[in-house]
S.K.: 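One structure, pasted below without further comment.
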Amino acid sequence: MKEAKLKRPFADTVTNTEATHTQSIQSDDSRPFCIAEVAVPLDIDNTFSYLVPERLIDNIKHGVRLFVPFGRRKITAYLLGYRFAKESEPLKEILEILDDEPLWTEKDLVFLRWISGYYLHPLGKVLKAALPNGINVQSRTNAEGEGVTGGKKVLREKVFSPTEADRSAFKLKEKNQNILNFLCQNAETSQKELRKMFGECGQNLKRLVELGLIQKNEREVYRDPFAGYSVTKDSPKLLMQHQSEVLAAIIDAADSRTFSPFLLHGITGSGKTEVYLQAISHILERGDNALVLVPEISLTPLLVQRFRARFQEGIAVLHSGLSDGERYDEWRRIRRSEVRIVIGARSAIFAPLQQIGIIVVDEEHETSFKQSEGLRYNARDLSLVLGRQENAVVLLGSATPLVTSRFAAQQGKLGYLHLPLRVGSSSLPETTVITTKMTPETPISATLIQSLSDNLERGEQSLVFLNRRGFSSCLICNDCGADLQCPNCSVSLTYHRQRLKSICHYCDYQVPFPSVCHSCGSTDMKEMGVGTERVEHELRTIFPKARIARMDSDTTCGKGAHALILNKVESGEIDILVGTQMIAKGHDFPGVTLVGVLQAEGSLYLPDFRAAERTFQLLSQVIGRAGRGYLPGRVLIQAMNPGHYALETAACHDFEDFYKQELEFRQELNYPPFGFLVAIKFSATSESALIAVSESSAKLLSALKSSLMLRTEILGPAPAPIYRMRGRFRIQILLKDTNRVALRKILTAYLADRPVQSAVRETVDVDPVDLL
DNA sequence: AGCACGCCGACT
DNA sequence: GTCGGCGTGCTC
Ligand SMILES: [Zn+2]
Ligand SMILES: [Zn+2]
């Protein structure tokens with residue numbers, strides 16, 4: 001054995017899994033050193049200690065960012081705690097305290113530490129991810145860090161208000177008198193608004209200030225992303241029987257003031273939103289606040305409008321379309337308790353909202369609640385953790401709940417609330433499954449063509465759904481049989497006819513058309529597999545007079561393009577809409593009476609244990625698009641091999657049966673919610689590093705198998721030991737129980753022991769665990 | 001993340 | 001000989 005490493009000069013370095021003592025001991029002469037413990041936003045698990053210099057001791061407080069020397073650079077760091085000590089090892093000094101007010105509370109820190117441990121992500125990076133981007137100062141390498149408190153600019157405006165002075169003592173010009181009267185009768189008013197009412201009035205205001213009749217102040221203004229949307233007040237709607245029962249259960253739980261998580265299972269149009277609104281109203285009345293998480297695509301002005309109509313003021317909206325400045329403004333309003341309701345996409349889980357009484361997660365099954373890079377958190381999962389910490393009600397709402405949620409409800413860990421009825425509307429659509437082999441020449445079966453034709457004649461609208469964009473999913477060489485693949489991702493390139501290119505849907509690698517075979521150089525390439533672009537093309541040939549539109553990420557990349565297509569469908573300007581899963585989400589089309597699903601099993605055989613669940617959810621959603629108006633709906637599902645239970649159960653709307661069969665499948669293979677899953681993804685810079693990792697990971701896997709894992713698995717096509725995807729190599733580890741301590745130990749040991757260190761970067765992806 | 005240090009192959 | 005690329009480890 002080699003001699004142990006040199007003794008490290010810094011003792012007692014705290015790792016971020018342990019709680020740090022943040023309670024400070026008062027400074028006195030016997031304890032002259034103030035030592036700050038700090039997390040940095042880098043790939044480092046331990047924390048660092050700095051000396052707080054004399055000049056900063058009076059300003060130090062919890063929850064602030066610091067500017068510290070780190071190596072030969074200067075970076076932003078996050079203060080975790082500080083203490084006074086008799087003596088100190090030689091430490092570097094903090095350069096600056098970047099915030100006057102705390103950015104996070106002790107409670108927030110508990111939550112963030114939990115996240116750090118659960119997602120195996122350094123605390124400093126978690127803090128960075130949780131804070132709004134506008135606040136962050138770019139680390140400066142040069143010595144002059146002037147203006148370092150920077151971040152996004154705080155906007156100010158001038159406001160005027162009357163003084164106590166005796167107003168009758170002056171004889172004023174008419175305009176001045178009018179302004180003064182106005183100010184006496186109203187709250188302080190900005191110059192901008194006064195200008196609107198009285199025209200250019202800078203001179204008049206200046207005069208009134210000089211006379212001591214009014215005073216000028218500055219106040220911070222917030223950039224308002226939803227300004228200009230007028231609000232018509234509405235009042236709580238009368239609930240149907242099921243809704244009132246559900247609401248009563250929620251209110252009961254809320255009044256217990258204990259952590260009360262619910263699964264609210266209600267099909268689209270069953271009146272979930274009204275239940276949310278009234279539950280939130282109850283929480284607000286008793287003085288607590290509400291956090292509402294919705295998928296990015298559902299976070300529309302229309303939704304915000306609904307909340308504004310009910311609650312008017314005190315609503316903050318956080319979505320990805322905000323500029324850093326706007327987002328920072330909303331964040332500050334929340335921090336200062338100026339709002340009672342926060343509505344946002346996944347990152348809103350980090351909103352600095354205090355006293356949370358209820359967390360609503362709408363469409364909880366949506367994958368967009370999961371962040372797929374950096375800190376790979378799932379806001380749906382975190383809502384449960386936060387709700388537990390805050391003793392809040394957590395409402396997970398969905399028409400097609402996650403298998404995990406459904407299971408937790410069965411176990412009694414989630415309260416199960418069901419809204420079975422469509423409010424004021426029709427029965428479920430009649431659904432037929434057709435067995436067809438889809439070919440590039442005839443992607444649409446004769447039966448579906450006939451139905452579309454009938455629908456056109458009746459003047460009714462149709463949807464055609466295919467979960468694959470592009471013209472053809474790959475090009476195959478007629479000479480040697482090789483398909484055109486992405487050199488980075490080893491997946492077939494999708495041919496896009498309009499753009500005359502073949503494109504990798506993972507990394508956006510492109511080759512122009514006509515293409516040359518990578519292996520033999522032939523230019524004789526055959527189109528294989530069908531995408532939405534081709535379906536649109538074929539439909540135009542079959543129905544030359546029909547008004548046809550396509551909606552997928554290719555046709556909606558422009559700003560407003562998405563809304564434009566939706567509007568056209570809604571106003572009846574479109575007869576047939578072709579699209580990917582995009583047409584399954586978003587708004588209702590009351591005029592649609594026929595839905596055709598092409599290649600329904602398309603997403604079923606992906607190397608993902610949730611493939612069946614995703615397929616079922618998607619199909620259920622698409623099926624639900626038919627017959628939402630007054631006319632009954634009809635659905636035709638085309639599949640090559642329709643025997644899979646995900647298709648069968650979706651077709652006959654048998655939710656119970658789907659969950660039963662899916663849970664059997666999960667249990668047999670120890671997939672969540674029965675097993676615990678962690679994916680380690682590698683990206684390597686060289687082929688040799690890759691091989692080394694492959695070998696060492698095989699060793700890891702066999703070690704895991706022989707120790708505590710009940711089942712370990714490598715995801716992907718055999719016989720490759722590591723699955724290559726999006727330029728990365730992925731192995732997945734499944735554990736039977738949810739013992740994170742054991743997992744962390746094994747992972748840490750593996751990562752430390754791995755042969756190639758920096759040539760390989762791994763990200764650890766923790767998948768759903770039973771958090772209840 | 002950067003940055004320095006050390007090891008090994010290639011090259012004026 | 002030494003120049004430089006890459007792999008490794010450290011930063012209070
Ligand atoms: Zn070829
Ligand atoms: Zn690619």
Side-chain angles (χ1 to χ4, degrees), chain A residues 2-18 20-22 24 32-54 56-57 60 64-98 116 120-129 131 133 136-143 145 148 373-375 682-696 748-764:
Chain A
K2 271 218 166 166
E3 197 57 50
K5 281 183 186 168
L6 282 173
K7 204 178 160 222
R8 312 250 331 268
F10 298 102
D12 298 326
T13 313
V14 183
T15 69
N16 72 30
T17 45
E18 303 164 33
T20 323
H21 240 297
T22 45
S24 58
F33 295 103
C34 180
I35 297 165
E37 200 202 319
V38 145
V40 291
L42 300 172
D43 266 318
I44 301 172
D45 269 334
N46 47 24
T47 59
F48 295 84
S49 301
Y50 285 88
L51 211 56
V52 182
E54 200 73 33
L56 293 177
I57 280 187
I60 197 126
V64 294
R65 294 167 307 147
L66 307 168
F67 201 53
V68 297
F70 195 75
R72 57 180 53 231
R73 289 166 305 149
K74 291 164 180 151
I75 58 170
T76 300
Y78 304 93
L79 180 62
L80 301 176
Y82 56 93
R83 64 195 154 83
F84 290 93
K86 279 197 214 85
E87 46 197 53
S88 160
E89 307 153 77
L91 297 172
K92 287 194 182 176
E93 285 190 355
I94 289 167
L95 300 170
E96 219 161 332
I97 297 170
L98 296 179
S116 167
L120 307 162
H121 204 68
L123 184 57
K125 285 190 145 192
V126 172
L127 273 151
K128 189 177 175 183
L131 293 169
N133 221 2
N136 287 325
V137 183
Q138 325 77 306
S139 129
R140 293 192 169 86
T141 9
N142 62 339
V148 110
E373 50 183 50
L375 172 58
F682 299 94
S683 61
T685 50
S686 67
E687 199 69 25
S688 62
L690 202 155
I691 291 162
V693 170
S694 166
E695 280 163 6
S696 85
T748 319
Y750 168 66
L751 295 178
D753 214 36
R754 170 161 57 97
V756 260
Q757 285 289 329
S758 58
V760 176
R761 189 148 293 151
E762 74 292 324
T763 54
V764 181

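Keep in mind that this is a model prediction, so the values were computed, not measured. Chain identifiers are assigned alphabetically (A, B, ...) following the order of the sequence lines, protein sequences preceding nucleic acid strands; residue numbering begins at 1 within each chain.
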S.K.: Would you say C:dT11 has OP1 or OP2 under 4.0 Å from some side-chain N or O of A:Arg72?
M.R.: no

S.K.: So, do A:Leu66 and A:Thr76 sit near enough that their side-chain heavy atoms are less than 4.5 Å apart?
M.R.: no

S.K.: Check every strand shown and say whether A:Phe70 touches a base, only sugar-phosphate, or nothing at a heavy-atom separation below 4.0 Å.
M.R.: base

S.K.: Identify whether any heavy atom of A:Pro69 sits under 4.0 Å from a base atom; if not, whether one sits that close to sugar-phosphate; answer base, sugar-phosphate or nothing.
M.R.: sugar-phosphate

S.K.: Between atom CZ in A:Arg83 and atom P in C:dC12, what is the gap in whole Å?
M.R.: 17 Å

S.K.: Quick one: is B:dG2 close enough that its OP1 or OP2 comes under 4.0 Å of any side-chain N or O from A:Arg73?
M.R.: yes

S.K.: A:Lys74 has an atom NZ; how far is it from atom P of B:dC3, in whole Å?
M.R.: 13 Å

S.K.: Calculate, to the nearest 0.5 Å, the distance between atoms CZ and CD belonging to A:Phe33 and A:Glu54 respectively.
M.R.: 10.0 Å

S.K.: A:Phe48 has an atom CZ; how far is it from atom P of C:dC10, in whole Å?
M.R.: 11 Å

S.K.: Can you check the A:Tyr50 OH to C:dT11 P distance for me, whole Å?
M.R.: 10 Å

S.K.: Rounded to whole Å, please give me the gap between CD in A:Glu87 and P in C:dC12.
M.R.: 21 Å

S.K.: Over how many whole Å does the gap from A:Asp43 atom CG to C:dT8 atom C1' extend?
M.R.: 15 Å

S.K.: Just the rounded figure in Å: distance from P of B:dC3 to CD1 of A:Ile75.
M.R.: 13 Å

S.K.: For A:Tyr78 and C:dC12, give me the distance from atom OH to atom C1', rounded to whole Å.
M.R.: 17 Å

S.K.: Do we see a donor-acceptor contact under 3.5 Å between the side chains of A:Glu37 and A:Thr47?
M.R.: yes

S.K.: How would you list, by chain and number, every residue that makes a side chain to side chain contact (heavy atoms under 4.5 Å, CB included) with A:Pro69, sequence neighbours excluded?
M.R.: A:Tyr50, A:Lys92, A:Leu95

